[in-house]
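By convention in this document, chain letters (A, B, ...) are assigned in the order of the sequence lines, proteins followed by strands, and residues within each chain are numbered from 1.
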Number of protein chains: 2
Amino acid sequence: MSFPDRRKKILNALHQAGSLSVIELSEKLAISPATIRRDLHDIAGEGLLLRTHGGAMKIENPILTGFIEKIGANEVKKEQIGKCAAEHVHDGDIIFMDCGSTVFKMCTYLKTKNNIRVITNSLPILAELIDVPAIQINLIGGELDKHRKAIHGAKAVQHIDSYHAHKAFVGVDGISAENGLTAHTENESAITSAFARNAGEVFLLCDSSKIGKDSYFKFGDLSMIKYLVTDKELNAAQKEGLTGAGLIIVADE
Amino acid sequence: MSFPDRRKKILNALHQAGSLSVIELSEKLAISPATIRRDLHDIAGEGLLLRTHGGAMKIENPILTGFIEKIGANEVKKEQIGKCAAEHVHDGDIIFMDCGSTVFKMCTYLKTKNNIRVITNSLPILAELIDVPAIQINLIGGELDKHRKAIHGAKAVQHIDSYHAHKAFVGVDGISAENGLTAHTENESAITSAFARNAGEVFLLCDSSKIGKDSYFKFGDLSMIKYLVTDKELNAAQKEGLTGAGLIIVADE
DNA sequence: TTATTTTTGATTGCTTTTGGTTATTTTTGA
DNA sequence: TCAAAAATAACCAAAAGCAATCAAAAATAA
């Protein structure tokens with residue numbers, strides 16, 4: 001049996017039992033204690049379990065290893081934007097959440113809210129919020145885009161059009177005073193437009209690198225949006241162009 | 001056999017088994033271990049599998065691991081029923097798949113099909129099939145039932161009603177010649193009914209423990225179903241009662 | 001057809017992994 | 001605090017797996 005295989009089995013067994021001794025693990029997997037010790041040492045190094053004398057314990061809130069994304073400068077910005085946007089969600093709200101990494105970042109900060117309802121087409125958001133009892137989820141139906149891990153297509157748009165939400169949190173690929181909102185694909189933009197037209201207030205989450213940039217598909221003008229949630233690295237000219245069009249700029253201080 | 005051919009077979013075999021040794025792969029595909037190693041090296045370079053000492057593992061979709069089905073009772077019977085049902089799915093089919101552990105068991109055996117489209121309300125099925133390139137998924141939208149990890153409600157029924165499939169694979173909580181089909185909740189039964197009325201042929205997957213039993217919500221009679229896929233522990237009286245009502249009984253031999 | 005390139009599978013030397021042994025460290029109980 | 005017991009980490013040798021090399025076979029091109 002290979003190491004990744006054993007790792008999986010060890011973590012599984014630990015998750016079920018809570019804690020296990022080296023000997024127990026060695027008998028359970030039919031592996032020598034020496035190898036179990038080496039494995040436990042390595043896995044503990046990854047932060048996925050807690051090594052104890054004589055065995056190991058599970059960690060209650062393991063780091064979501066699946067999300068070890070490139071922690072670039074943009075990640076920090078996105079995190080801030082997500083946090084800032086989540087502050088505009090109040091108990092009892094019904095909100096649309098678009099797919100996209102910046103909107104996804106809101107999830108962490110939504111978990112403390114009470115009695116909110118999330119309507120989304122994003123599988124990562126669904127996965128992140130499924131275990132939160134105070135959040136009800138309405139999943140948008142339609143064709144699955146496996147790559148983007150989201151639902152899209154005509155059926156999805158139709159689904160959105162049959163709901164109304166207090167607020168919509170959406171993303172775009174480009175925004176500028178000249179060309180308005182732009183996206184990489186028509187599919188994405190159709191969903192974003194649907195969210196916008198069925199929500200009371202529309203929040204656009206967008207880090208400063210996308211402001212002033214245009215993507216290829218032009219799908220709406222700035223009046224679609226009420227609030228622009230972004231980071232603080234926005235120069236005066238950019239601000240002016242956007243506020244002039246009626247946008248309210250919200251940024252973390 | 002050419003490389004792209006082998007690549008496909010290796011990835012397919014890995015997807016079904018989870019992990020395989022070089023020797024196992026070499027025997028399975030009748031290719032020398034040397035070639036298998038070269039292939040694994042290349043495919044791992046593309047990021048499509050995880051190379052381990054002695055073999056390879058499939059890459060898990062970290063986002064959806066929370067949706068995975070937990071192990072329950074009657075596993076062996078359900079596995080057989082799932083396999084048997086999957087044999088009735090042909091390349092190019094469009095199928096409805098209900099939530100429920102028995103229908104879920106079909107997934108393993110669907111992975112070898114080509115160009116099929118699955119319309120489902122089950123998150124475990126979604127998680128299991130999302131990485132299979134030859135399967136297109138249409139997810140049913142609506143309210144999320146966190147406990148059952150499935151979508152239900154009026155919106156979901158409406159979604160189903162806008163599609164037609166060649167075959168529907170459904171589950172129930174009870175079936176008898178006297179009371180027909182019964183379910184624990186109205187929500188579940190509404191989905192099952194919707195699948196049945198929009199499919200050309202309806203397959204009911206049901207282990208023998210549920211046959212002759214009734215649950216509390218009566219939602220349809222036996223004429224809704226064309227095939228009953230079950231295990232072989234069915235006595236003559238049971239068989240007669242059901243075939244008398246027009247059901248075709250299919251069982252693994 | 002013949003020449004060239006590519007692919008395949010066997011051989012071989014090298015690396016990694018594994019499980020046992022032993023010295024060292026940690027824990028436990030007096 | 002000390003000593004006995006338990007667990008660990010370090011070391012080592014055997015086994016398993018791997019990559020590099022090379023020749024034969026197959027596919028492709030001239």
**Report entry** Among C:dT18, D:dT8, D:dC18, the one nearest A:Arg6 by side-chain distance
**Finding:** C:dT18
Query raised in the report: Is A:Lys28 close to A:Lys9 at the side-chain level, that is, under 4.5 Å between some pair of heavy atoms?
Result: no
Query raised in the report: Taking 4.0 angstrom as the limit, do A:Asp39 and A:Arg6 come out as a salt bridge?
Result: yes
Query raised in the report: Minimum heavy-atom separation for A:Lys210 to A:Val172, with atom names?
Result: CD-O, 3.5 Å
Report task. May I ask you to check whether B:His159 and B:Asn138 show a side-chain donor-acceptor distance below 3.5 Å? Result -> yes
**Report entry** Whole angstrom value for the distance that separates C1' of C:dT16 from CG of A:Asp42
**Finding:** 14 Å
Report task. Look at all strands and tell whether B:Thr52 reaches a base, only sugar-phosphate, or nothing, counting heavy atoms closer than 4.0 Å. Result -> sugar-phosphate
Query raised in the report: B:Ser32 side chain: which of D:dA19, D:dA7, C:dG9 is closest?
Result: C:dG9
Query - Interatomic distance where CZ belongs to A:Phe3 and P belongs to D:dC18 [whole Å] - result: 17 Å
Report task. Nearest whole angstrom, please: distance from the C1' of D:dA7 to the CD1 of A:Ile36. Result -> 15 Å
Report summary line: From CD1 of B:Ile23 across to C1' of D:dA15 the rounded distance in Å is 14 Å
**Report entry** Distance below 4.0 Å between B:His53 side-chain N/O and C:dT17 OP1 or OP2
**Finding:** yes
Query raised in the report: Tell me: CG of B:Leu20 to C1' of D:dG17, nearest whole Å?
Result: 16 Å
Requested in this report: Verify whether one side chain among B:Ser209 and B:Asp207 offers a donor that lies under 3.5 Å from an acceptor in the other.
Outcome: yes
Query - For atom CG of B:Leu40 and atom P of C:dG9, their distance in whole Å - result: 14 Å
Report summary line: Rounded to whole Å, CZ of B:Arg37 lies from P of D:dA20 at a distance of 13 Å
Report summary line: Taking every heavy atom of A:Asp173 against every heavy atom of A:His184, the minimum-distance pair comes out as OD2-N, 2.8 Å
Report task. To the nearest Å, give me how far apart CZ (A:Arg38) and P (C:dT17) are. Result -> 10 Å
Query raised in the report: Aromatic rings B:Phe203 and B:Phe169: how do their planes relate, parallel, tilted or perpendicular, breaks at 30° and 60°?
Result: parallel
Report summary line: Pairs under 3.5 Å (Watson-Crick or G-U), crossing ones as [ ], inter-strand ones as |: DNA chain D comes out as ||||||||||||||||||||||||||||||
Query raised in the report: Would you say a side-chain N or O of A:Thr35 is under 4.0 Å from OP1 or OP2 of C:dG19?
Result: yes
Query - Residue mapping more 5' on DNA chain C - nearest nucleotide basis, A:Asp39 or B:Asp39 - result: B:Asp39
